[in-house]
**Student:** 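Could you have a look at this structure, given as structure tokens, before my questions?
In what follows, every chain begins at residue 1, and chains take the letters A, B, ... in the order their sequences are listed.
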Protein chains: 2
Amino acid sequence: MFVSKSCSYGIRSVAYLSGYPQGKYVPIRDISNDLNISYHFLTKILQMLTANNVLISSRGAGGGVALAREASSITLYDLIIAIDGDELFTGCLLRLPGCGTKTPCPVHQEWDVARGKVNHFCCHTSVTELHQHVLLLSDNTLSAP
Amino acid sequence: MFVSKSCSYGIRSVAYLSGYPQGKYVPIRDISNDLNISYHFLTKILQMLTANNVLISSRGAGGGVALAREASSITLYDLIIAIDGDELFTGCLLRLPGCGTKTPCPVHQEWDVARGKVNHFCCHTSVTELHQHVLLLSDNTLSAP
DNA sequence: GTAATAAAAGACTCTTTTATCTTAAATTAA
DNA sequence: TTAATTTAAGATAAAAGAGTCTTTTATTAC
Ligand code: SF4
Ligand code: SF4
């Protein structure tokens, strides 16, 4: 598993928000309904994104969360860092502690290359590219009775 | 996180075993002592590897676990598949269910390439290359009082 | 000001993973 | 055969992740 479930929810939510203009507040309730994610759980996740300046939020009527900047400038990297931290991009496959730059093992450089490809993908993939797909897969009208 | 903690323990153990001749039984107790891994927990993990024909085991005096084949032919891929399953090699970064070949999203192909690099690395890295490193990092004589 | 709305915050439950402890079964040595 | 050794198996517990529920705080509409 590359990212946590929380992180997956965060990515889906921001991809969802990319369908709205930047700065347009959308209630978290709407997101949780449309994406079938627990409302209160999602609230906590999106709080991490507001704390990291990916989203902005507003309480009260007409409030919600909104993209803090242009959707095309928000990458998977930003979201993963905000929710899961940097382990995916800096961590060792072997999960050995205190390892890496100093006393690298014989395969470290190759591992760094492989991990770098994932890193590159995340840095160059913006949430806008996932918008349609997230909506499609969350569309529960297809499997309704 | 790429692999589970259990998987990390399994990889370290087989790298450790690669210091012994193939077929030579080593007590799990020795492995757990030298690598600082809980004995009973490690036992369960190594059972997964014997079930997957990576290791063989023998009970009783003089028994233990041993490499079922040449260490140089045991790759990270083998161990990850045996312990964590194939999610690392087949799963989606977004953890979206029912996704992939049919109705792929715009970034699927690029993701497939990035994931493929990790896959390639795991398939072409044998545990023998990690032997020294695993011993070095588990060496608690360095931090003894 | 009052009521309605919606995020923020905290307490709590459930599940999975990780870890520990106990008992059973198999193998070897004497 | 008896004792010692060592994996296998099962029960239990602790920790982390995921999800639910309630209360508080801020904002808007009236
Ligand atoms: S040196 Fe080896 S074990 Fe350490 S972080 Fe690099 S690849 Fe991992
Ligand atoms: S199509 Fe997109 S969301 Fe689906 S598995 Fe591929 S990269 Fe992931």
**Student:** Measure the distance from CG on B:Asp30 to P on D:dT5 and round it to the nearest whole Å.
**Tutor:** 13 Å
**Student:** Take the protein atom CD of B:Gln47 and the nucleotide atom C1' of C:dA19, then report the distance between them rounded to whole Å.
**Tutor:** 15 Å
**Student:** Going by the angle between their ring planes, with limits at 30° and 60°, are A:Tyr16 and A:Tyr20 parallel, tilted or perpendicular?
**Tutor:** tilted
**Student:** Return the nearest nucleotide to the side chain of A:Thr50; candidates are C:dT18, C:dA8, C:dC21.
**Tutor:** C:dA8
**Student:** Would you say B:Tyr39 reaches C:dA19's phosphate, i.e. side-chain N/O to OP1/OP2 under 4.0 Å?
**Tutor:** no
**Student:** What is the distance from CE of A:Met1 to C1' of C:dT16, rounded to the nearest Å?
**Tutor:** 12 Å
**Student:** Quick one: is A:Ser6 getting a side-chain N or O under 4.0 Å of the D:dA18 phosphate, OP1 or OP2?
**Tutor:** yes
**Student:** Find which nucleotide of DNA chain C each of B:Ile37 and A:Pro27 is nearest to by heavy atoms, and output the residue with the more 5' nucleotide.
**Tutor:** A:Pro27
**Student:** Under the side chain to side chain contact (heavy atoms under 4.5 Å, CB included) rule, what do B:Arg115 and A:Phe121 come out as? Steps first, then yes or no, please.
**Tutor:** CA-CA 10 Å; B:Arg115 191 179 56 188; A:Phe121 171 80; over 6 Å; no
**Student:** Quickly work out the B:Phe41 CZ to D:dA15 P distance and round it to whole Å.
**Tutor:** 14 Å
**Student:** Would you say A:Tyr9 places a side-chain N or O within less than 4.0 Å of OP1 or OP2 belonging to D:dG19?
**Tutor:** yes
**Student:** For B:Ser38 and C:dT20, is the shortest distance between a side-chain N/O and OP1 or OP2 below 4.0 Å?
**Tutor:** yes
**Student:** Rounding to a whole Å, what distance do you find between A:Ile45:CD1 and D:dT20:C1'?
**Tutor:** 13 Å
**Student:** Would you indicate which nucleotide in C:dA9, C:dT20, D:dT27 comes nearest to any side-chain atom of B:Lys44?
**Tutor:** C:dT20
**Student:** Rounding to an integer number of Å, can you tell me how far B:Leu17 CG sits from D:dT7 P?
**Tutor:** 11 Å
**Student:** Need one value for A:Ile28: base, sugar-phosphate or nothing, where a base atom within 4.0 Å counts as base even if backbone is also close, heavy atoms only.
**Tutor:** sugar-phosphate
**Student:** Distance only, no hydrogens: is a donor on one side chain within 3.5 Å (strictly under) of an acceptor on the other, for A:Ser6 and A:Ser4?
**Tutor:** no
**Student:** Using the rule side-chain contact (heavy atoms from CB on, under 4.5 Å), only one of A:Val14, A:Thr43, A:Leu42 pairs with A:Ile31; which is it?
**Tutor:** A:Leu42
**Student:** Compare side-chain N and O positions of A:Ser57 against OP1 and OP2 of C:dA8 and report whether any pair is under 4.0 Å apart.
**Tutor:** yes
**Student:** What's the NE2-P distance between B:His40 and C:dT23, to the nearest Å?
**Tutor:** 12 Å
**Student:** Checking only heavy atoms, does the side chain of B:Arg59 share a donor-acceptor pair with the base of D:dT7 at less than 3.5 Å?
**Tutor:** yes
**Student:** Between B:Lys5 and C:dA19, does any side-chain N or O lie under 4.0 Å from OP1 or OP2?
**Tutor:** yes
**Student:** Can you say whether the rings of B:Phe89 and B:Tyr77 are parallel (under 30°), tilted (30 to 60°) or perpendicular (over 60°)?
**Tutor:** tilted
